[in-house]
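Written below as structure tokens is the structure these notes are about.
All chains are named by letter (A, B, ...) in the order of the sequence lines, taking the proteins before the strands, and each is independently numbered beginning at 1.
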Amino acid sequence: MPPSSLTSAPVLPELEELLNEPQRDAVAHKDGPLMVFAGAGSGKTRVITFRIANLLACHRVPPYRILAVTFTNKAANEMRSRLEHLVGADVTRDLWVGTFHATCARLLRRYHEVVGLARDFVIYDDADQRALMNRVLKALRIDEKRFPPKMLLSMIHGYKQQGLGPSEAPQNDPFEKVAAQAYEAFQKHLLTANAVDFDDLILHAVRVAEARESIAGAELRSRFRYVLVDEFQDANPIQYRLVKALASEHHNLCVVGDDDQSIYRWRGADVRIIRGFQRDFADATTVKLEENYRSSSNIVRAALGVIQPSRERVPKELFTSNPPGEPIRVIAARDERDEAAFVVTTVRQALEHGVEPRQIAIFYRIHAQSRVLEEALRSENVPYQIIGGTRFFDRAEIKDLLAYLRVLANPRSDVDLLRIINVPARGIGQASVDRIVATANRLDKSVYDVLQQHLDACGLGSSPAKRVLSFRGLLEHLRDRSQDLGPRDLAEQVIDATGYATALQRENTPEADARLENLREMLGSLQDYEDEAEASGEPPTLEGYLERVALVSDIDQLDDGGRVSMMTVHAAKGLEFDIVLVTGVEEDLFPYRSNSSLLDPGDVEEERRLGYVALTRARKFLFVSHAAVRTIFGTTRYCRPSRFLTDIPPDVVEDTLSPGLSSARIRVDVTAELASQRARSHDLGAETNRLPRAEPGRYVERDIVDAEPSDDVPLERGTRVKHVKFGEGQVESVETTVSPPVAVVFFPGWGKKRIVATFLRPA
DNA sequence: TACAAGCGCCTTTTT
DNA sequence: GGCGCTTGTA
């Protein structure tokens, strides 16, 4: 359809307030490649949903010809529900809205034979992959010490993201040769098991879509008249290839994103893809949304201060018409407990002033920080919920039950079968399992086939063989039942007939009770699935449930508004709150640096973007805290305030002391130090991100007591102090970024001296 | 075979 | 500090 035929159509009124006229035309009516740069808080999701709604409502594009891809289920659900509001559920039902993986899975159920899979293939998660890789290494006699499975899997992951098959994998050194060998065997086993991993979902779909000579390929390339991608800055190369292929016939590829919010480089996202889109599609229209409707202008300015030193960003001028609002509060705390005390006090005050808990969020860089915060909140009876963390479907008992169900759906899935062959314990030991697996490898059969037809070839003793036979009988029984039972009832049968429930009841411990409770919760999740399937007019099937579970990270967090939220900054992307508290804003924690590795400039850039994401989540109040001493992973370290703090313009900041520091017998004036650090960095203009610089081995591991000043006067600029050798002097400045803290003191007759604070006494 | 003590490691996380 | 994996012992 030529662009001109679209432009005469009307536009949904809601789009008017968000965009100026040329932007509106482009988003609502324009065909061809379209790229929308949407700054934080600028209404990104609104733009993409309105484009879809406009295509449906004003241009009469059939819904099944539109594909909208997201990265998370949450984003997909949200988009779908917004569209239901705009154009009605009966229209949106036929839209293709989903995550990359769910969309590919759906396509592959249709085109499975093109890539050699059966229709009922199963999806392996990370743990399944590890189990499979261990088996592959054993069979190939590869030394796990020299070639850690984790590293091989990550190399394979890399190849798949580049679209390289086993035969195309590089083989330049011995390591790569082993990796290529493992890759080939790994894929062979997946195929035998009729299984795919997450990367394969995309990769297989790309293979189908790119196949020049195939009917399926041609069909797929012309299937979608409009393809839209949300959060495009998170795309990895293979995902980009996929959407390019899917849009190759109609050229209506619309991508929406913000390179400043690209925070998933470590999992393959390549920010250069969004930055290079205009180069790849010379005829693309670019729209920039630069007005932030979310945050106070102080918050916007603070966030801009953090992102601006970034070197390679696409130029954008984020602005807001909102009033300045409250200053950003930067809190210097003594240690992580003191920081947590500050957080709790602040949250309580907000709640007492009538702020709803759902409007308050506490962020941290890594999960390990959450425990101390949790304890503090719990002791003060502040209701909280943790978003993310250990996932329901990662629990052992849930994975066990799922493994049973997956074996029933697809008996060839060896990883699942081996997981449950002796769970609950039924006397089939490692030795027996090894023999069965060796036989399967030798005959090139699945383990299930070996149990069925080649048990005598395993060379088992008579009593192990008897037990294996009884396990085989159990599986047969359950497979029979799976014919006439719904997924939920079948799962209940599994829990009973396998003796799993009995084994847990016999344990009679709180842990076992919790596991039973989790199993019941999973039955609830099966029930939900059945109800939903019936409501949408589809028959509930075991396969349907398994696919859903494989592609959903968690049972949807019940979003009960009565709790304060805690989460990592990564989990916070896409959310917004009136009050945000960002904790642990210290060098080596945020930006994060692991014990071993140095920060390369690319890492710092990504951490900087992460900082930008954190700050832009706040609407009205923003608190940023750092501790002078932090115990994490069992060791205590001295911490300097993050370089990002010095990038926040000083005039939007108000420095604050934590409860611990303001009541300390001696006050080491951290805030004054921070202020002077900030003043210095601003003298240097745009180079602010250079200060202070990360260096290896900076942390001193020492007993925490050393950090606590032994004196009882506030030690800050102007304080009169006495020193054993130099006599009386006056403090000029205090450095708390070194440990123990050091003061620069002017002693008449001696001049300026740097003195460790503990050697000073009040004059 | 099963359980317990010991070692080593440590982001972020969806799907 | 805590989890997962390995090794050692009953």
Report task. Identify which nucleotide among dT14(B), dT15(B), dT12(B) has an atom closest to any side-chain atom of L551(A), counting heavy atoms from C-beta outward. Result ->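 Nearest to the side-chain atoms of L551(A), counting from C-beta on, is dT15(B).
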Query raised in the report: Among the nucleotides dT14(B), dT11(B), dT12(B), which one has an atom lying closest to any side-chain atom of Y592(A)?
Result: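 Between dT14(B), dT11(B), dT12(B), the one nearest the side chain of Y592(A) would be dT11(B).
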Query raised in the report: Under the criteria of a ring-centre distance below 5.5 Å and an interplanar angle below 30°, is Y264(A) stacked with the base of dT13(B)?
Result: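 By the stated criterion, Y264(A) and dT13(B) do not stack.
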Round to a whole Å and report the spacing from [atom1] of [X] to [atom2] of [N].
{"X": "E78(A)", "N": "dT14(B)", "atom1": "CD", "atom2": "P", "value": "16 Å"}
{"X": "D230(A)", "N": "dT15(B)", "atom1": "CG", "atom2": "C1'", "value": "16 Å"}
{"X": "D126(A)", "N": "dT12(B)", "atom1": "CG", "atom2": "P", "value": "14 Å"}
{"X": "R637(A)", "N": "dC10(B)", "atom1": "CZ", "atom2": "P", "value": "12 Å"}
{"X": "I428(A)", "N": "dA2(B)", "atom1": "CD1", "atom2": "C1'", "value": "15 Å"}
{"X": "R265(A)", "N": "dT11(B)", "atom1": "CZ", "atom2": "C1'", "value": "13 Å"}
{"X": "Q129(A)", "N": "dT15(B)", "atom1": "CD", "atom2": "P", "value": "15 Å"}
{"X": "F590(A)", "N": "dT11(B)", "atom1": "CZ", "atom2": "P", "value": "17 Å"}

Requested in this report: Answer yes or no: does a side-chain N or O of N73(A) lie under 4.0 Å from OP1 or OP2 of dT15(B)?
Outcome: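 N73(A) to dT15(B) OP1/OP2: side-chain N or O found under 4.0 Å.
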Query raised in the report: Is the distance from OP1 or OP2 of dT11(B) to the nearest side-chain N or O of T568(A) less than 4.0 Å?
Result: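 No, outside the criterion.
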**Report entry** Those residues that, when tested against D270(A), pass side chain to side chain donor-acceptor pair (under 3.5 Å) (two or more places apart)
**Finding:**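 Residues passing side chain to side chain donor-acceptor pair (under 3.5 Å) with D270(A): R272(A).
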**Report entry** Which residues share a side chain to side chain donor-acceptor pair (under 3.5 Å) with D528(A), sequence neighbours left out
**Finding:**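 Per chain and number, D528(A) pairs via side chain to side chain donor-acceptor pair (under 3.5 Å) with no residue.
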Query raised in the report: Listed by chain and number, what are the side chain to side chain contact (heavy atoms under 4.5 Å, CB included) partners of N518(A), not counting sequence neighbours?
Result: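 For N518(A), the residues satisfying side chain to side chain contact (heavy atoms under 4.5 Å, CB included) (neighbours in sequence not counted) are F392(A), R395(A), E397(A), I398(A), E521(A).
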Report task. Name all residues meeting the side chain to side chain contact (heavy atoms under 4.5 Å, CB included) criterion together with R241(A); count only those two or more places apart in sequence or in a different chain, and write none if there are none. Result ->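 If we apply the side chain to side chain contact (heavy atoms under 4.5 Å, CB included) test to R241(A), skipping adjacent residues, the hits are V206(A), E210(A), I238(A).
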Query raised in the report: When you match R467(A) and M567(A) each to their closest nucleotide on DNA chain B, which lands nearer the 5' end?
Result: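 Between the two, 5'-proximity favours R467(A).
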Requested in this report: If a pair satisfies salt bridge (charged side-chain N to carboxylate O under 4.0 Å, His left out) and one of its residues is in residues 419-430 of chain A, list it, with sequence neighbours excluded.
Outcome: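 Qualifying pairs: D400(A)-R419(A).
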Can you sort out the partners of [X] under salt bridge (charged side-chain N to carboxylate O under 4.0 Å, His left out), two or more places apart, ordered by chain and number?
{"X": "K399(A)", "result": "D125(A)"}
{"X": "R378(A)", "result": "E374(A)"}
{"X": "E547(A)", "result": "R109(A)"}
{"X": "D434(A)", "result": "K138(A)"}

Query raised in the report: Base, sugar-phosphate alone, or nothing: which one does F71(A) contact when heavy atoms must sit under 4.0 Å apart?
Result: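 If one applies the 4.0 Å heavy-atom cut-off, F71(A) turns out to touch the sugar-phosphate alone, with no base involved.
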Requested in this report: Run the salt-bridge test on R265(A) and D603(A) with the 4.0 Å N-O cut-off and return the result as yes or no.
Outcome: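 Yes, charged N to carboxylate O under 4.0 Å.
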Query raised in the report: Ion pair present between D414(A) and R135(A), side-chain N to carboxylate O less than 4.0 angstrom?
Result: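 Salt bridge between D414(A) and R135(A), a charged N being under 4.0 Å from a carboxylate O: yes.
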For nucleotides 1-9 of chain C, print each protein N/O atom paired with a nucleotide N/O atom at under 3.5 Å, atom names and distance only.
from, atom 1, to, atom 2, distance (Å)
dG1(C), O6, F633(A), O, 3.2

Requested in this report: Answer yes or no: side-chain N or O of R365(A) and base N or O of dT12(B) forming a donor-acceptor pair under 3.5 Å.
Outcome: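 By the distance-only test, yes, there is a pair.
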Query - Watson-Crick and G-U pairing of DNA chain C, under 3.5 Å, as dot-bracket with | and [ ] - result: ||||||||||
Query raised in the report: Which residues, if any, of residues 420-427 of chain A bring a heavy atom under 4.0 Å of DNA chain B?
Result: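 DNA chain B contact set from residues 420-427 of chain A: A425(A), G427(A).
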Query raised in the report: Does the side chain of E339(A) come under 3.5 Å of the side chain of S625(A) through a donor N or O and an acceptor N or O?
Result: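 Yes.
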Query raised in the report: Syn or anti for dT11(B), taking syn as within 90° of 0?
Result: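 Syn conformation here, the glycosidic angle of dT11(B) being no more than 90° from 0.
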